[in-house]
A.B. asks: 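After the structure tokens below, expect a handful of questions from me.
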Amino acid sequence: MKLKSQINNVIKDAFKNAGIEYEPMSVSEATKPEFGDYQFNGAMALSKKLGKNPREIAQNILDNMELTKVVNKAQIAGPGFINLWINPDWLALECEKAISDDRLGISKNDKPQKVVVDYSGPNMAKQMHVGHLRSTIIGDTLSNLLTFLGDEVIRQNHIGDWGTQFGMLIAYLEMKDEDGLVSLKDLEQFYKDAKGEFDANADFANRAREYVVKIQSGDEHCLELWKNFIDISLGHCEEVYGKLNVNLTRDDVRAESFYNDSLSKVIEVLDDKGILKESNGAKCVFLDGEEIPVIVQKGDGGYLYATTDLAALWYRANELGAKRISYVVDARQGGHFKQVFKVAKDAGFVPEDVKLEHIAFGTMMDKGGKPFKTRDGGTVKLIDLLDEAVIKAKETIKNRDEYTSQQIDELAKIIGIGAVKYADLAINRESNYIFNWDKMLSFEGNTSLYMQYAYARIQSIFRKYNSTIDGKIIISDELEHRLAVMLLRFEDVLSRSAEDASPNQITTYLYELVTLFMRFYEQNPILKDGVKDDIKMSRLKLADLTAKTIKQGLDILGIKVVDKL
RNA sequence: GCGCUUGUGGCUCAAUUGGAUAGAGCAUCAGACUUCGGAUCUGAGGGUUAGAGGUUCGAGUCCUCUCAGGCGUACCA
């Protein structure tokens with residue numbers, strides 16, 4: 001249900017009837033319950049244009065407004081706000097429609113777009129660490145969300161599988177095991193050992209350098225070892241994706257190396273367009289007003305990540321046909337993307353109408369506000385963090401004797417991983433945030449457990465009721481009215497969240513919804529003695545739609561729900 | 001130096017993209033249980049939105065300056 005546009009239509013009609021020729025600004029949600037459900041603030045803005053005072057304009061709009069089906073009450077307040085109340089009968093009807101639809105009444109985009117979402121991007125030489133968490137889950141949420149809204153999403157995992165360090169790793173892999181079939185149990189350790197050998201052993205270091213050349217010139221034996229290494233390394237990532245409940249598969253992998261053959265072409269095209277300049281031996285593109293150029297080829301002939309990104313942009317816009325390309329990457333790379341996007345458009349790698357965006361996010365900090373590290377100052381491996389989350393989640397489970405140990409494990413996974421993901425997604429992605437176990441595993445406040453608890457409670461009601469629902473929704477008091485409006489706002493929230501690529505709009509909404517539901521539930525008994533049958537049915541239906549909305553919302557965030565906590 | 005970015009109660013975060021008296025949670029204090037799961041709900045105190053100007057009918061939000069922090073700044077990704 002596109003609730004806001006329904007209200008906007010009422011305003012638009014009123015404008016037409018009143019003979020106001022301007023396009024009205026959109027209504028917004030009322031800031032307080034006593035101001036109704038929605039408010040129109042456009043009368044003040046029109047004051048200057050029309051040369052009348054705002055209240056007079058508001059009155060004119062009001063006089064020409066149809067107050068029946070959708071909006072059944074409107075009032076002028078303050079300097080010229082128009083407060084709007086939605087017809088409860090209409091609300092009830094729309095909620096009914098949402099319940100009986102498996103998409104909760106949410107339409108699919110009638111103009112679906114092809115969207116590339118580039119996220120996760122682990123480096124194959126190292127274990128995934130906490131720095132990869134945000135990219136992985138924000139990107140995954142955005143992909144889930146756009147898919148749900150009907151776009152054609154192409155997930156791209158731009159893994160780092162190319163570069164000088166691989167010569168060292170391959171040489172070490174061969175040294176440890178002739179066949180190169182070593183199981184890289186601890187990638188981090190393997191990297192350290194290889195580096196140690198590289199620094200201590202000149203012979204080895206030379207061999208490593210030779211390997212770089214060999215891999216790049218396509219030596220079969222070396223390529224075999226390299227592929228093997230990447231394969232094992234990717235397996236580690238998949239383990240993490242599995243634990244995180246993230247929808248990334250091998251099919252989504254387009255590694256850096258995938259673009260190797262296109263790199264010389266990138267340089268060629270830039271040269272043809274006349275925007276390539278040589279500076280200090282390197283090939284560069286200088287952008288207007290910027291002192292520092294984009295270097296696309298080093299003095300020694302090597303290519304850089306800007307070159308690969310340009311090749312990737314070309315591929316995504318032309319081969320994949322994307323109309324929106326979203327890079328979910330750390331905010332620190334803002335300068336890089338700004339430049340690369342500009343070059344790509346200038347050089348015609350990407351058509352003008354394609355939207356390029358850097359979905360930037362801030363850094364995860366510890367309690368003291370310093371970047372998140374282990375006690376000895378190293379990076380925290382993502383897999384360790386997730387395992388710890390599950391262990392901590394297990395400790396929070398009450399009444400453990402009611403479950404089998406297998407059930408507890410399963411529950412702990414859902415709770416622990418959900419808590420980590422929710423805590424991250426609930427924060428405005430552009431700001432840095434403080435990682436806090438106690439806060440994220442709390443049942444209070446805007447946490448996944450508060451949502452899970454509400455969901456489980458509703459399921460518990462239905463277990464107890466254990467019968468079919470036969471009746472209609474009747475909006476009988478203010479809380480029910482507000483709950484119904486909130487439920488119908490879901491689609492607007494999702495659209496906005498998709499547009500801005502901001503998952504926290506979904507979490508904020510869910511929190512408001514659940515808070516409202518808890519109040520409703522506290523005040524309006526459902527199954528207690530003395531509740532009349534038609535009221536009981538209506539409240540069961542509102543509870544049902546609330547549960548479905550929570551579930552759908554969390555599902556987009558990649559968080560599972562359980563019927564019983 | 002230049003560029004980007006952040007600054008909101010003691011703490012952690014919101015604020016419908018310029019709208020009415022800046023909202024939540026934690027913590028503090030005070031209430032509500034013969035529990036439809038109290039892991040809940042109700043209420044109170046706590047704010048010059050870093051500071052100073054400006055634009056506007058209207059500013060936490062936009063512009064300018066100042067202060068404080070973070071990040072980036074030519075051959076790593």
Side-chain angles (χ1 to χ4, degrees), chain A residues 4 25-32 35 38-39 41-42 44-45 47-48 53-54 77-81 83 121 123 158 160 162-165 256 279-284 290-300 302-306 308-309 329-336 338 360 362-363 365 367 369 371 396 398-399 423 426-428 430-434 436 438-439 442-447 449-450 452-454 456-462 464-465 489 492-493 496 500 504-505 507-509 511-512 515 518-519 521-529 531 536 539 543 564-565:
Chain A
K4 200 178 264 189
M25 64 184 274
S26 176
V27 295
S28 51
E29 283 111 46
T31 49
K32 288 182 180 189
F35 295 155
Y38 280 81
Q39 53 178 279
N41 305 329
M44 280 87 78
S47 170
K48 205 167 255 177
N53 85 60
F81 296 98
N83 295 333
N123 191 318
H158 190 80
W162 206 249
T164 47
Q165 75 267 45
E256 280 177 356
S279 174
N280 296 332
K283 290 185 176 163
C284 312
E290 295 197 36
E291 275 180 58
I292 297 149
V294 182
I295 302 178
V296 288
Q297 192 170 17
K298 297 193 276 188
D300 67 5
Y303 300 109
L304 292 118
Y305 74 128
T308 311
D309 276 339
V329 182
D330 193 298
R332 284 171 289 199
Q333 293 195 37
H336 164 73
K338 200 176 160 197
T363 313
M365 306 294 202
K367 271 186 188 169
T396 69
K398 278 188 174 179
N399 312 324
I427 285 161
N428 181 339
E430 295 191 59
S431 50
N432 296 343
Y433 83 103
I434 308 234
N436 183 330
D438 295 337
K439 193 185 157 200
S442 164
F443 279 86
E444 287 157 14
N446 187 8
T447 66
L449 281 174
Y450 184 69
Q452 300 265 18
Y453 176 67
R457 268 179 112 172
I458 296 172
Q459 298 316 309
S460 170
I461 293 171
F462 282 100
K464 185 162 182 176
Y465 176 64
R489 274 182 52 206
D492 288 337
V493 171
R496 180 68 172 280
D500 299 347
N504 77 309
Q505 292 188 34
T507 59
T508 301
Y509 168 78
Y511 181 56
E512 283 173 11
T515 305
M518 289 289 202
R519 292 176 60 189
Y521 177 78
E522 200 78 18
Q523 189 175 306
N524 299 1
I526 300 176
L527 299 181
K528 278 187 177 166
D529 290 345
V531 180
K536 182 187 287 181
R539 290 178 182 167
K564 207 173 155 214
L565 266 182

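The analysis underlying the following values was restricted to heavy atoms, covering all of them including side chains, and did not include hydrogens, waters or symmetry mates. Numbered from 1 within each chain, the chains take letters A, B, ... in sequence-line order.
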A.B. asks: Checking all strands, does Tyr521(A) fall into the base, sugar-phosphate, or nothing category for heavy-atom contacts under 4.0 angstrom?
C.D. replies: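 Base contact.
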
A.B. asks: Using a 4.0 Å heavy-atom cut-off across all strands, classify Asp309(A) as base, sugar-phosphate, or nothing.
C.D. replies: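 Nothing: the residue Asp309(A), judged by heavy atoms under 4.0 Å, touches no strand.
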
A.B. asks: Report which part of the nucleic acid Thr308(A) touches: base, sugar-phosphate, or nothing (heavy-atom distance under 4.0 Å, all strands).
C.D. replies: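 The residue Thr308(A) makes no contact with any strand.
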
A.B. asks: Does rG38(B) have OP1 or OP2 under 4.0 Å away from a side-chain N or O of Tyr453(A)?
C.D. replies: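 Yes, within the criterion.
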
A.B. asks: How far, in whole Å, is rG37(B) from rA32(B) if one measures between their P atoms?
C.D. replies: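 23 Å, rounded to whole Å.
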
A.B. asks: Would you say the side chain of Gln39(A) lies within less than 4.5 Å of the side chain of Ser28(A), judging by non-hydrogen atoms?
C.D. replies: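 With C-beta onward as the side chain, the pair touches.
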
A.B. asks: Flag as yes if Phe81(A) stacks onto the base of rG19(B) (centroids under 5.5 Å, planes under 30°), otherwise no.
C.D. replies: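 Not stacked by the 5.5 Å and 30° rule.
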
A.B. asks: Quick check: any donor-acceptor pair below 3.5 Å linking the side-chain of Ser279(A) to the base of rA74(B)?
C.D. replies: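 Such a pair is found, so the answer is yes.
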
A.B. asks: Any side-chain heavy atom of Arg496(A) within less than 4.5 Å of one from Tyr509(A)?
C.D. replies: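 SC-SC contact between Arg496(A) and Tyr509(A) ruled out.
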
A.B. asks: Give me the stems containing RNA chain B, sorted by first residue, counting only three or more consecutive Watson-Crick or G-U pairs with both distances under 3.5 Å; say none if there aren't any.
C.D. replies: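 Stem segments, range with range: B:1-7 with B:67-73, B:10-13 with B:23-26, B:28-32 with B:40-44, B:50-54 with B:62-66.
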
A.B. asks: Can a donor-acceptor pair under 3.5 Å be found between the side-chain atoms of Asn83(A) and the base atoms of rA20(B)?
C.D. replies: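 Yes, the side chain and the base share a sub-3.5 Å donor-acceptor pair.
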
A.B. asks: Base, sugar-phosphate, or nothing: which does Pro79(A) touch, judged by heavy atoms less than 4.0 Å apart?
C.D. replies: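 Here Pro79(A) touches no strand at all.
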
A.B. asks: Holding to ring pair (Phe, Tyr, Trp, His ring centres under 6.0 Å), I want the full list of residues that pass it with Tyr511(A), two or more places apart in sequence or in another chain.
C.D. replies: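 If we apply the ring pair (Phe, Tyr, Trp, His ring centres under 6.0 Å) test to Tyr511(A), skipping adjacent residues, the hits are Tyr450(A).
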
A.B. asks: Can you tell me, in whole Å, how much space there is between the C1' of rC76(B) and that of rG9(B)?
C.D. replies: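 Going atom to atom, C1' in each nucleotide, I get 44 Å.
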
A.B. asks: Taking the side chain as everything from C-beta on, heavy atoms only, tell me whether Asn436(A) gets closer than 4.5 Å to Lys367(A).
C.D. replies: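 Counting from C-beta outward, Asn436(A) and Lys367(A) do come under 4.5 Å.
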
A.B. asks: Determine the contact category for Gly299(A): base if any of its heavy atoms lies under 4.0 Å from a base atom, sugar-phosphate if only primed atoms, P, OP1 or OP2 are that close, otherwise nothing.
C.D. replies: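 Since a base atom lies under 4.0 Å of Gly299(A), the category is base.
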
A.B. asks: Is the closest side-chain heavy-atom distance between Pro525(A) and Arg539(A) below 4.5 Å?
C.D. replies: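 Yes, their side chains come closer than 4.5 Å.
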
A.B. asks: Give me the distance, rounded to whole Å, that separates rU21(B) from rG47(B) when you measure between the C1' atoms they each carry.
C.D. replies: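 13 Å, rounded to whole Å.
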
A.B. asks: Please measure how far the C1' atom in rG25(B) lies from the corresponding atom in rG46(B), and state the result in whole Å.
C.D. replies: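 14 Å, rounded to whole Å.
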
A.B. asks: Roughly how far apart, to the nearest Å, are rA22(B) and rC13(B) at atom C1'?
C.D. replies: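 Pairwise C1' distance, rA22(B) against rC13(B), rounds to 14 Å.
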
A.B. asks: Would you mind reporting whether His336(A) and Val329(A) have side-chain heavy atoms less than 4.5 Å apart?
C.D. replies: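 A side-chain contact is absent here, since even the closest heavy-atom pair is not under 4.5 Å.
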
A.B. asks: Base, sugar-phosphate or nothing for Ile295(A)? Non-hydrogen atoms, less than 4.0 Å.
C.D. replies: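 Base, at least one base heavy atom under 4.0 Å.
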
A.B. asks: Write down the distance separating the P atoms in rG60(B) and rC4(B), rounded off to the nearest Å.
C.D. replies: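 Pairwise P distance, rG60(B) against rC4(B), rounds to 24 Å.
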
A.B. asks: Considering just the side-chain nitrogens and oxygens of Arg457(A), establish if one lies under 4.0 Å of OP1 or OP2 belonging to rC36(B).
C.D. replies: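 No, because none of the side-chain N or O atoms of Arg457(A) sits under 4.0 Å from OP1 or OP2 of rC36(B).
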
A.B. asks: Heavy atoms under 4.0 Å, any strand shown: does Tyr450(A) hit a base, just sugar-phosphate, or nothing?
C.D. replies: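 Sugar-phosphate only.
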
A.B. asks: Under 4.0 Å between any heavy atoms, over every strand shown, what does Leu449(A) touch: base, sugar-phosphate, or nothing? Just pick one.
C.D. replies: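 Nothing: the residue Leu449(A), judged by heavy atoms under 4.0 Å, touches no strand.
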
A.B. asks: Hey, does Asn280(A) reach any base, or is it just sugar-phosphate, or nothing, if we go heavy atoms under 4.0 Å?
C.D. replies: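 The residue Asn280(A) makes base contact.
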
A.B. asks: So what does Gln39(A) touch, heavy atoms closer than 4.0 Å: a base, only the sugar-phosphate, or nothing?
C.D. replies: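 Result for Gln39(A) = base.
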
A.B. asks: What distance, rounded to whole Å, do you find between the two C1' atoms, one in rG1(B) and one in rG58(B)?
C.D. replies: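 Their C1' atoms lie roughly 39 Å apart.
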
A.B. asks: Would you indicate what Ala456(A) reaches in the nucleic acid, counting non-hydrogen atoms under 4.0 angstrom: base, sugar-phosphate, or nothing?
C.D. replies: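 Base contact.
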
A.B. asks: Would one find a side-chain N or O of Ser460(A) under 4.0 angstrom from OP1 or OP2 of rG37(B)?
C.D. replies: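 For Ser460(A), the contact criterion (side-chain N or O under 4.0 Å from OP1 or OP2 of rG37(B)) is met.
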
A.B. asks: Flag the pair Leu304(A) / Val296(A) as yes when at least one side-chain heavy-atom distance between them is below 4.5 Å, and no otherwise.
C.D. replies: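 Result no, sub-4.5 Å side-chain heavy-atom pair not found.
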
A.B. asks: Considering every strand and a 4.0 Å limit on heavy-atom distances, what is the contact class for Gln505(A): base, sugar-phosphate, or nothing?
C.D. replies: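 The residue Gln505(A) makes base contact.
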
A.B. asks: Need one value for Gln165(A): base, sugar-phosphate or nothing, where a base atom within 4.0 Å counts as base even if backbone is also close, heavy atoms only.
C.D. replies: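 Nothing: the residue Gln165(A), judged by heavy atoms under 4.0 Å, touches no strand.
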
A.B. asks: Taking only the side-chain nitrogens and oxygens of Tyr433(A), find out if one of them lies under 4.0 Å from OP1 or OP2 of rA14(B).
C.D. replies: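 Tyr433(A) to rA14(B) OP1/OP2: no side-chain N or O under 4.0 Å.
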
A.B. asks: Nearest 0.5 angstrom please: Lys564(A) NZ to Arg457(A) CZ, how far?
C.D. replies: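 Those atoms lie 15.5 Å apart.
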
A.B. asks: Under 4.0 Å between a side-chain N or O of Lys4(A) and OP1 or OP2 of rU16(B)?
C.D. replies: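 So the side chain of Lys4(A) is outside the cut-off, no N or O lying under 4.0 Å from OP1 or OP2 of rU16(B).
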
A.B. asks: Rounding to an integer number of angstrom, what distance separates rA20(B) and rU16(B) when you compare their C1' atoms?
C.D. replies: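 Pairwise C1' distance, rA20(B) against rU16(B), rounds to 14 Å.
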
A.B. asks: Less than 5.5 Å between centroids and less than 30° between ring planes, does Tyr305(A) satisfy that with rC76(B)?
C.D. replies: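 Per 5.5 Å and 30° rule: no stacking.
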
